[in-house]
Amino acid sequence: MLRGMALIGQDVLRKDAYSKVSGAARYVDDLVFPGMIHGRTVRSTVPCGEILSIAVDAPGCTVVDYRDIPGRNAVAGLDLDQPCLVEREIRHAAEPVVLLAHESREALLAARVDLEVRRGDAVLDPRQATHFHKRLAIDKGDLEAGFAAADLVVEGTYSTGHHEHAYLETNGVIAVPEDGGITLHGSLQCPYFVHRALQVLLGIERVRVVQAETGGGFGGKEEYPSMIACHAALLAVKSGRPVKLIYDRSEDMWATTKRHPSLVRHRTGVTRDGRIVAMDIDVLLDAGAYSTLTPVVLSRAVLHATGPYRCDHVRIRGRAACTNTPPNGAFRGFGAPQSLFAAEVHLDRIAEALGCEPLALRERNAFRPGDTTPTGQVLGEDCAALAVLEAAVERSGYRKRRVELAAERATGGSRGSGRRGIGLSLFFHGCGFTGSGEVRLASRASLELTEGGARILVANTEIGQGARTTLAQITADALGWPLEAIEVATPDTGRVPDSGPTVASRTCMVVGGLLARCAVEMKARLGGMSAGEYLERHGPLVVTEQYRQPEGMSWDDATYRGDAYGTFGWGCDVVELAVDPDTCEVAPARITAAIDVGRAIHPQVVAGQIEGGTAQGLGWALLEQVTMRDGAMANASLTDYIIPTSIDTPPIDAVIVERPYPHGPFGAKGVGELPIDGVAPAVVNALRHAGIDLRDLPASPERISECASL
């Protein structure tokens with residue numbers, strides 16, 4: 001493990017600070033190309049049916065349907081089940097059918113396309129599904145023996161709904177015909193995902209994908225940009241002109257992916273002294289009409305379903321149902337928030353059944369170094385479950401406040417201001433791709449010597465999380481150079497190697513690790529020479545490193561056994577709140593989030609990730625409710641879909657815990673996803689402490705009023 005020098009652990013000025021503050025940063029809608037026209041997507045309005053005829057009245061428009069696709073009519077992802085454009089069968093509302101383009105936006109909007117459709121019988125409830133995109137099973141020990149040893153068995157069912165990404169910038173791309181191929185500029189997370197999708201759709205090799213400045217993603221710009229890129233590219237090919245396709249907020253919310261709704265059932269056996277001896281868990285996700293990234297979302301959901309707790313006898317079953325709703329996909333946390341919500345709320349109910357304190361139950365059962373997960377992975381010395389638990393409890397004054405609030409409620413002291421409670425959750429999150437994913441991906445990162453220093457060449461994108469800066473810090477420190485000597489190239493598939501997608505809390509840990517190795521090699525090659533001296537004597541120098549799995553790791557995809565992740569990040573949230581006696585609205589008073597990140601490369605960036613993920617999770621817990629009507633989102637606007645503002649967000653105390661990971665750059669793990677995992681169960685557990693038994697999200701006033709009389 002490298003040792004940090006001057007830059008690691010320092011809050012240096014962000015690489016993108018000036019361009020964003022000054023307005024110089026150019027997002028996709030700021031870009032203009034000669035001869036550019038504008039695109040539009042015509043979509044189905046029924047969840048299931050058959051197209052009988054299409055009538056188009058669009059004077060002067062370029063019109064595209066599935067017959068104009070030169071390659072394969074599929075959006076290439078994990079599977080090829082999702083068509084780019086409907087041929088005949090409609091499988092969800094908002095499914096794209098026809099594309100239009102015109103130089104005048106007014107003419108484009110005035111164009112008329114009428115679809116004659118025979119409606120079919122739609123499956124809208126995952127519990128009624130007969131087809132599943134994916135099934136998974138994890139077994140450890142002897143479940144019957146575990147339950148035989150239990151003094152008490154606690155059962156429970158927990159549900160979560162859709163969740164909208166609500167990134168600042170909507171989806172948008174520009175497709176430019178160039179040199180017999182296509183160049184795609186877009187707001188996106190994963191340039192090489194889009195690159196492959198365009199090659200499959202167009203049946204050509206000459207594809208280049210360039211990331212424009214991107215205003216947020218949260219997973220919503222992981223797989224979905226492949227769809228909008230395919231649409232713009234088809235219009236560009238047919239018209240022979242650059243095509244800009246930008247969604248307005250309503251279309252973005254109506255048509256794009258969401259977090260998978262979940263239904264999780266727990267049956268847990270415990271002894272009287274609070275030891276968990278058996279876990280039987282069933283996870284059902286609503287995937288929607290097509291697979292997208294559902295198989296790996298389900299994978300992470302089942303791998304985190306037990307919570308961060310030791311148990312010798314475990315059975316986990318996971319299913320992802322196919323329904324006639326718009327496909328769900330990647331979202332920060334990637335399945336773990338759903339299963340961890342159930343695990344942590346269930347644990348408080350177990351504590352209640354045993355008559356013990358929830359904190360004591362967690363202290364008794366939390367993972368320690370050397371413990372074994374349900375897949376057989378042995379946890380390393382960087383296992384920090386107890387460390388984050390202790391940090392959050394001490395920082396928040398949890399023990400004292402829990403006693404004070406209980407006494408206050410017992411004496412009626414809080415009756416006028418509603419009920420108050422405090423709750424916590426303990427959670428973990430696998431860093432990097434699951435199982436053999438990183439090995440199959442075989443990511444490559446390059447470092448190019450320049451006259452003034454070095455240039456980072458990777459496909460990982462800056463989407464607001466600070467990646468440009470942290471990768472530059474790692475590289476500069478490993479070289480022993482100032483930060484100003486490090487450039488970060490624009491992610492451009494015509495220029496940078498495939499370093500893998502910007503997902504799964506892997507950019508800093510995996511790609512940063514590759515760049516650190518590049519820097520060490522470059523430093524050795526320079527042999528004490530300056531960059532200018534080397535270039536003058538030897539010419540250009542580019543150092544490339546490819547991912548190598550840490551020694552001792554193994555994974556079997558067939559049996560789902562082995563090391564699911566290189567390591568885990570760990571977290572503990574404590575939430576204190578009050579419930580209004582008249583409106584049943586929940587007002588969080590403060591949140592403490594203790595998060596283990598291995599090593600904080602840029603503490604301010606890390607704290608921002610903790611605060612942002614916590615606030616986003618708070619919205620999912622309390623406010624954000626997708627209303628589905630006839631298989632489509634009925635409240636597709638930020639007027640009707642409520643996200644938390646600064647007024648709704650209490651003070652968040654971000655506590656950074658550092659348990660270094662030996663194979664991460666300077667000990668760093670991932671931090672992007674972990675903070676969203678814990679706040680929702682902590683909120684519901686605080687409600688339980690206030691006497692409100694809730695098991696479903698969001699914890700809306702309507703739901704609270706149904707289960708408690710205030």
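In what follows, residues are counted from 1 in the order of the sequence shown.
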Residues Lys221, Ser187; criterion side-chain hydrogen bond (donor to acceptor under 3.5 Å, both in side chains); working and verdict:
CA-CA 7 Å; Lys221 294 176 185 173; Ser187 177; 2.9 Å; yes
Scanning both residues in full, the closest heavy-atom pair of Pro295 with Asp79 reads CG-OD2, 4.4 Å
| Would you call Lys669 and Glu658 a salt bridge, using N to O less than 4.0 angstrom? | no
Original post:
Do His185 and Val176 come close enough that some side-chain heavy atom pair is under 4.5 Å?
Top reply: yes
Verify whether the ring centers belonging to His102 and His38 lie closer than 6.0 Å. no
- Task: Identify whether the distance between the nearest side-chain nitrogen and carboxylate oxygen of Glu103 and Arg241 falls below 4.0 Å.
- Result: yes
Given 3.5 Å as the limit, does a donor-acceptor pair link the side chain of Asn328 with the main chain of His162, or not?
no
* Are Pro327 and His92 side-chain neighbours, meaning at least one heavy-atom pair lies under 4.5 Å? -> yes
**Asked** Between Ser499 and Ser443, do the side chains contain an N or O donor and an N or O acceptor separated by less than 3.5 Å?
**Response** no
Can you find a pair of side-chain heavy atoms, one from Tyr27 and one from Thr214, that are under 4.5 Å apart? no
Checklist entry - Salt bridge or not for Arg43 and Glu251, using N-O below 4.0 Å? => result yes
### Salt bridge Glu213-Arg468, side-chain N to carboxylate O under 4.0 Å
yes
Looking at Glu438 and Arg506, does any basic side-chain N land under 4.0 Å from a carboxylate oxygen? yes
TODO: Please confirm whether Tyr290 and His133 have ring centers closer than 6.0 angstrom.
DONE: no
### Message
Looking at Arg40 and Leu99, would you say the former's side chain and the latter's main chain have a donor-acceptor pair under 3.5 Å?
### Response
no
Strictly under 6.0 Å, is that where the ring centroids of Tyr565 and Phe568 end up?
yes
Glu223 and Gly329 have their tightest heavy-atom pair at OE2-CA, 3.0 Å
A side-chain contact here means heavy atoms from C-beta on lying under 4.5 Å apart; do Asp653 and Ile591 qualify?
no
Next item on the list: Could you give me the CA-CA distance, side-chain angles and deciding distance for Lys15 and Glu484, then say whether salt bridge (Lys or Arg N to Asp or Glu O under 4.0 Å) is met?
Entry: CA-CA 9 Å; Lys15 285 280 187 180; Glu484 294 74 23; over 6 Å; no
Review point. Quick one: do Arg590 and Glu576 make a salt bridge, cutoff under 4.0 Å?
Key: yes
